[in-house]
Amino acid sequence: MARMKFLCDAERCIECNACVTACKNEHEVPWGINRRRVVTLSDGKPGERSISVACMHCSDAPCMAVCPVDCFYQTPDGVVLHNKDLCIGCGYCFFACPFGAPQYPQAGNFGSRGKMDKCTFCAGGPDADHSAEEFKKYGRNRMAEGKLPICAEMCSTKALLAGDGNIVSNIYRERVVGRGFGSGAWGWGRAYPGSVSN
Amino acid sequence: MSFLQIVEGPLFYIAAAIFLIGAIWRVIGIIKIGHKRDLAPPKGSGKVGFVAGNLRHFLPRKIFAKRTWVHIIAGYSFHFGLFALLLFAAPHIDFARDRILGFDWPALPRWGFIIAAQFAFAGLIMLWVRRFSDPVMRLISDWDDHIGSWLTFLVMLTGCLALQESHNALKAIHMLFVDVWLIYFPFSRLMHAGTFFLSRGYTGATYGRKGMTL
Amino acid sequence: MMLHRLIAAIFFIALMLVSVTTINAQSVRPPGNAVNQSTDEQIGTSNTLGPDSQSKYWHDLRQGKSGLSTTGRSGGLLIQAQGEQWRLIRKNYIIKYSGWVLAAVLVILVLFFLIRGKIRLKGGRSGQTISRFSLPHRTAHWFMASIFIMLGLSGLILLLGRTALAPLIGKNVYSIFASAAMQGHNLFGPLFIVALVWMYYLFVPGNFFKMVDLKWILKGGGLIGGHASAGHYNFGEKVWFWAVAIVGLLISITGIILEFPWLSANLQLLQISTIVHAIGAVGLIAFALGHIYIGTIGMEGALDSMTTGDVDVNWAKEHHDLWYEEVTGEKSATHDQGETGHAQVYSQDKITGV
Amino acid sequence: MLRKKIGAVANGPRLSSALKEMTKGTVDRRTFLKRSGLAVGGIGAAATLAGGRVQKAHAAGSDAKVELKKSVCTNCSVGCTVMAEVQNGVWIGQEPGFDSPFNLGAHCAKGAAAREAAHGDRRLKYPTKLVDGKWKRISWDDAINEIGDKMLDIKKTSGPDSVYWLGSAKHNNEQAYLFRKLYAFWGSNNGDHQARICHSTTVAGVANTWGYGAMTNSYNDIHKSKSMILFGSNPTEAHPVAMQHLMKAKENNNAPLIVVDPRFTRTAAKATEFVRMRPGTDVPVVWGILWHIFENGWEDKEYIRQRVWGLQYVKEEVAKWTPEETERVTGIPGRQLKRVARTLANNRPGTLIWCMGGTQHTTGNNNTRAYCILQLALGNIGKSGGGANIFRGHDNVQGATDFCVLSHSLPGYYGLKKGSWKHWARVWDVDYEYLKGNFASEKLMQSKGIPVSRWIDGVLEDKGNIDQPDNVRGMVFWGHAPNSQTRGVEMKKAMEKLDLMVVIDPYPTVSAVMHDRKDGVYLLPASTQYETYGSVTASNRSLQWREKVIEPVFESLPDHTIMYKFAKKLGFADEMFKHIAINNDEPLIEDVTREFNKGMWTIGYTGQTPERLKAHMKYQHTFDKTTLQARGGPLDGEYYGLPWPCWGTGDIKHPGTPNLYDPSKPVAEGGLCFRNRFGLKSPEKWGSENLLADGSYPVDSEIKDGYPEFTMAMLKKLGWDKDLTDTERTFIEGLAGDKTNWKVDLTGGIQRVAIKHGCAPFGNAKARTVVWNFPDPIPTHREPLYTNRRDLMDKYATYDDKRAYRLPTLYASIQKNDYSKNYPIILTSGRLVEYEGGGDESRSNPWLAELQQDMFVEINIADANDLGIREGEMVWVETPEKSKIKVKAMLTERVGKGVAFLPFHFGGHFQGEDRRSKYPEGADPYVLGEAANTAMTYGYDSVTQMQETKASLCKITRA
């Protein structure tokens, strides 16, 4: 079985935010919620680098471990999904997630957060594949159509890679070799501990 | 038909009908008692007295205010909180529009809702605590009072627990208590919500005719 | 005394306000990325790569170095390293031990009841009562009690539900409980603060520690070494009072932080808050179990003080002799010698018959 | 106890299944949010509740078949294929277009959010006019009638030149062509479009150097570059998908990427070398590099001998730019430029890329020619991997330029001479006299109109000062954002002085709100390019064919339909659409394509028939991702999109020219040489030297040397005229006999025969480095009009005031004033990745608007500290012309000390005032902000009237 992974090549990411809008466009994510975001480090200075980040679908996902209602589950592909019917919007997954992936409709007064929303690796949720319910809650289910996440597919410089971990790391390794100098892939070791990587 | 559909559908309408008919029956019963014949020619207006009696009683008297300020604050806190909740909570307005009235009005924001609920809860709890811890209150309270308090409390509590509006079960439980509460209402002291105008007014009118100022 | 109480109350409220405003002040500070370290513009071949080595760069990120993002409030942070610690503390300590702690307290109480039984009034009921708590005191107490129970129950459902409850009733049903518990918890939380301040104001007189408390401790509260004298409140009650006040304050502050997450952009503060909140709450609940025990089935006549407010004279003599003397001016039989020096004479009408 | 517990477990599932039904449905979050007032997070949050979203969810649930449509992104010029999923006529999703050789499935933020542009609910929904300061809905017929009557009235009283037709780079080729034709038939040269203010200096400079004013190679060809140098170009934000190709060269070839810019742009962050220059000193930078090249003999001497003329004159000028002088003027240390020079010399072929940072200057044409000279000296032009890669801005700005929606030429750069008019009259099948009759005079017919950058002056200038009968009285903004133009305060005045303002656009644009007019403004809803179809020319000269994704939404109409309606109202529809089928007021796009195929001989827009273009879109996957050549398949050997020049008629199947002037291929297979455009000999003043190529020629050429452009006489001389068919010969003889040249032969016969013999129809000449007919024949440095380097005034002062394009143009009279004391900071401007152009469309797109919610000014941290400005504070940016804007301060080292940067996509605020309430209801963009150009100052290029937006002065104060 494939193990799905994201990898962002910071040497290539140019903060064009295509991944962000592609995701919003695909899943009709409301204003204020960003399943994916791009972070620029050392903005405007030598050494500036950008990294696109979303749920990394960790191997041993912290969100899964802390959820008080146990609403997360991991598919055989290694994609971490959650059940919005169970979610109570407590925010614990946000406390635990290393990557700030969980999003809430509104972090307001009196603990009102709404149901958590996060990147699904374009794999929908527990509702029936391609059902209207599924679309409404989780967005499109591209995985069920045999497609990879839209953010990576539309990345302007092919910086963001998604898919089977072996293939992704091969592509990245080739690039690093081609460049002659390399960098650690951001977040990789954190999200997929123990897995083969660069 | 799901449980929720029953409690917010037919059962609700039945309960509401009982509530309405019962309340009207109670009010008619009170009105039918009429008022005592005047033994002397009235010196003032009974109508003015009726209104004045109602208005005057909204203000606590100094002599009581000092001794029972907790009670008074709790009373106002509970009643204002409850009415804010009942009339201006967004889900309630939606319910009224969709099931009863067909129109809506501006709602409280969620935080306003919660603050109103907190006032109502604080007031209700204090009032009930007083009911069993004050010897006089304990003595004059009967089951009707306790059931009324508890039913109201449960309606409020279940409503607030359903605040996330994501689980129909919670909503159904809330609606169930609402239905019970509606049925219980006209035949209990809860009816004071409708009859206190009459009683205060009656006293006020009596005084008015006697020429007393309140 | 009145002034004393007022000052204490004002101090208490001020402390809470300060805690809230400091959180707020943090959020208006410029974010870390606004503080620029000016690097000398390098005219070298790597003038676009910056001064740091690659590995240092990624290492810093791993430690929570942040950047800029056009999205979201905490958008600039890439890896928050402390989330993992938070999760481990929660999982390995809080959830694991809080269940055991509460269970242990229950077991101890049951054992204590089985061994010691109900503490009876030695002299039986006299039929005469003495006023112990006024109506406002009782109202405040029960107000606090009801909110405490609400919060305690809902909090425990959220804390332990996944381990204890969900396997029994299934995830779907448990989610309903959890949702209700969370809403209830958030709703009643602020009321706890109101209750806390009110109770503090009413109960703080008489709750300051005195020499007599030391003796009380030495005698193990009367369990060892014979009768232990006590004023209006004995040492145990005083400790309970201060535990509620101080731990309650902690819980309130952390609760506010958690209830209004926009107050602080600092995720770490939220994480620490949940931990402090949980530990404090579990501690208080454990203590409360003891309190409830001793107030109800543990001791004859104790509950009266919080229901009618009037306690039996014999109960007062046996458990709060110094207070009894203070109120009545009468020397109680069980009283230790030489402790009556400051007692004042009160009029007899403080004692009322049934 | 234990037993009971087990029982409870067993009970669990039963209980849960009993309650399952209750847990199922969830409350609709939208209605809940709305009611509980949670949605008060600003206008954007509220908008997520609006109806626009619901439509898709609905469609997604239904079972109707999903169709895939191929369109082309309407933002920048890369030409990314947009794959639209359409169900029940609703555009429900986008898929990556992996087959497209341009973007390989990639998009930037704008392309990935393209769907919103078409389905957006902030669009103009129906024709609207301003009545007593209020927007009032009217019908299309009323709108066209009212506007048409007013125009005809203006024409009658003030002449046709008093109506200004401002077109767009957002039109597809067919619409652009029709638009050019529209104002030709109206009888005026007062028409123009954005190219004037984006790459007009490039087109003028480059075309005058070697023949054609376009990107020489392609984005994909950069894969082969061994080095890359970018001047004033920031592809990470302006052309993000192009970065993919640059990255490939950088990674695969280890090609150094050098960025020359006043800002440490996001591109610079990906570069290997960043050269920070002072804004407005491009020529000195290039000369500074060339100084080292000439000093060390790194130039390609053989190449120069064969193909470049006049470099010895340039050398004299370059010699003045010693490292010391260069550093004094540009601020770049000499040793850095030496390293740059060496890098470029050691890594050939290298590409040179420039954008607005180079063109938008009073000396823009000098800059572009300097870049060309640098590439010529290195021998990089006409080579794969080399080239002058000019990244155009809009999706079809190349096409619209080629169709000359400009005030100084007819389609195909034919110019405005009588012969040019006659050529097009033949193509259009109308009488020259008829066309002339529509104009005020033959003189005005053949004189350049007012350029878009100066329409303000066309309105405000004293009537006697303009070379036309009357001021401009009516403006038609057809897909134009006024906030992309400088001098906003004066523009507001001009707008208020007009008699008629017509805005035709999918969005109201800032034109709708900038002024304080009470009436006389019409807003007509145009469809986006996703709601129509036709061809579009990418920056690399490739044409792509868009499919119609959805039917026009609301009451919007495609631009060509609106053009037909106007033509009908104005009374020349029959003549203008003589050979174009009209279907329910909509001209048939394919007929338009075929019509321009018949006339665009100069630049080879003749071989791209609709059928061929459609086939290219269909067989996208057969093209090589680097060479762009089809390998096998039905289009074997053709280049993707038939990049012009695609010589001859479609029948001869020319494959298109992937790289201009590349002699390594036969002309018939896309090879070329430099064009013979400037005569055979240089003028006496410049040595009367032979301009024809010397020993360089495309492979398989039968003439093994330079040669002039082809005419019938030349064919006869070579004896190749016998290859002409009878029809061709008959036409040529009938036209001008021996004088008939390759450009006007409507049969394409001369081209066909020349190519058959391996020759380029336009001749084979040397590129000229001295453009003797320009104000500065050799590119020279001149300080910007608003400069704070008064010490350079004696040596590098600007031009004297002059007249151009019907208007007086100021230079020295502005520069002579010293503003450097009060306005010490240099002000420059540029793009953001999320927005495009004036930004009305992208700021109305919620996905994009959310990402950039505030207009800001980048200030260097040191400057900000000197001024007492802190991050995120509001500041006033005021320019010497006393216009000022209120924006947020962003403190950054991205800009150098003494430089401030403004993004130019914002609008809707004016000098501190929020004008949101002036938008028609429901059509205000989500994000408004100050337009950078409100503050930008006067200054126009000496050749093309390009506006100066990259180097002005300002002062910044806390608001």
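Numbered from 1 within each chain, the chains take letters A, B, ... in sequence-line order.
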remark   = When every non-hydrogen atom of A/Ala96 is compared with those of C/Gln80, the smallest separation belongs to C-NE2, 3.8 Å
remark   = When rounded to the nearest 0.5 Å, the distance separating CG of A/Asp85 from OG of C/Ser179 is 11.5 Å
Ignoring hydrogens and angles, write down the donor-acceptor pairs under 3.5 Å from the side chains of residues 272-282 of chain C, residues two or more places apart or on other chains.
| from | atom 1 | to | atom 2 | distance (Å) |
| --- | --- | --- | --- | --- |
| C/Ser273 | OG | C/Leu269 | O | 2.7 |
| C/Thr274 | OG1 | C/Trp86 | NE1 | 2.6 |
| C/Thr274 | OG1 | C/Gln271 | O | 2.7 |
| C/His277 | ND1 | C/Ile251 | O | 3.2 |
| C/His277 | ND1 | C/Thr254 | OG1 | 2.9 |

message = Please give me the minimum heavy-atom distance between C/Met182 and A/Gly89, naming the atom from each residue.
response = CE-O, 3.8 Å
query = Listed by chain and number, what are the salt bridge (Lys or Arg N to Asp or Glu O under 4.0 Å) partners of A/Asp127, not counting sequence neighbours?
reply = A/Lys137
query = Do C/Leu78 and A/Leu41 have side-chain heavy atoms sitting under 4.5 Å apart?
reply = yes
query = Given side chains that start at C-beta, do those of C/Leu158 and A/Ile88 come closer than 4.5 Å, heavy atoms only?
reply = yes
key: Per-residue contact mode, C/Ala166 against chain A (heavy atom under 4.5 angstrom)   = neither
ask   = Is the side chain of C/Ser175 donor-acceptor paired with the backbone N or O of A/Leu86 at a distance under 3.5 Å, no angle test?
value = yes
inquiry  = Just to verify, what does A/Phe121 make a ring pair (Phe, Tyr, Trp, His ring centres under 6.0 Å) with, not counting sequence neighbours?
reply    = A/Phe6, A/His57
ask   = What residue, out of A/Cys71, A/Cys97, A/Gly44, has the most heavy-atom pairs lying under 4.5 Å from chain C?
value = A/Cys97
query = Applying a criterion of heavy atom separation less than 4.5 Å, what residues of residues 61-70 of chain A form contacts with chain C?
reply = A/Pro62, A/Met64, A/Ala65, A/Val66, A/Cys67, A/Pro68, A/Val69, A/Asp70
key: Heavy atoms from other residues, nucleotides or ligands near CZ of C/Phe177 exceed 12 (cutoff 6.0 Å)   = no
request  = Tell me, for A/Glu15 versus chain C, whether the close heavy atoms (under 4.5 Å) come from the side chain, the backbone, both or neither.
outcome  = side chain
ask   = Can you tell me how far CG of C/Leu267 sits from CZ of A/Phe94, rounded to the nearest 0.5 angstrom?
value = 5.0 Å
query = For A/Tyr73, does the OH atom have more than 12 heavy-atom neighbours from other residues, nucleotides or ligands under 6.0 Å away?
reply = yes
message = For the OG atom of C/Ser69 and the CD1 atom of A/Ile51, what is their distance to the nearest 0.5 Å?
response = 11.5 Å
Side chain to side chain contact (heavy atoms under 4.5 Å, CB included) between A/Tyr92 and C/Arg87, worked out = CA-CA 9 Å; A/Tyr92 284 3; C/Arg87 159 167 77 125; over 6 Å; no
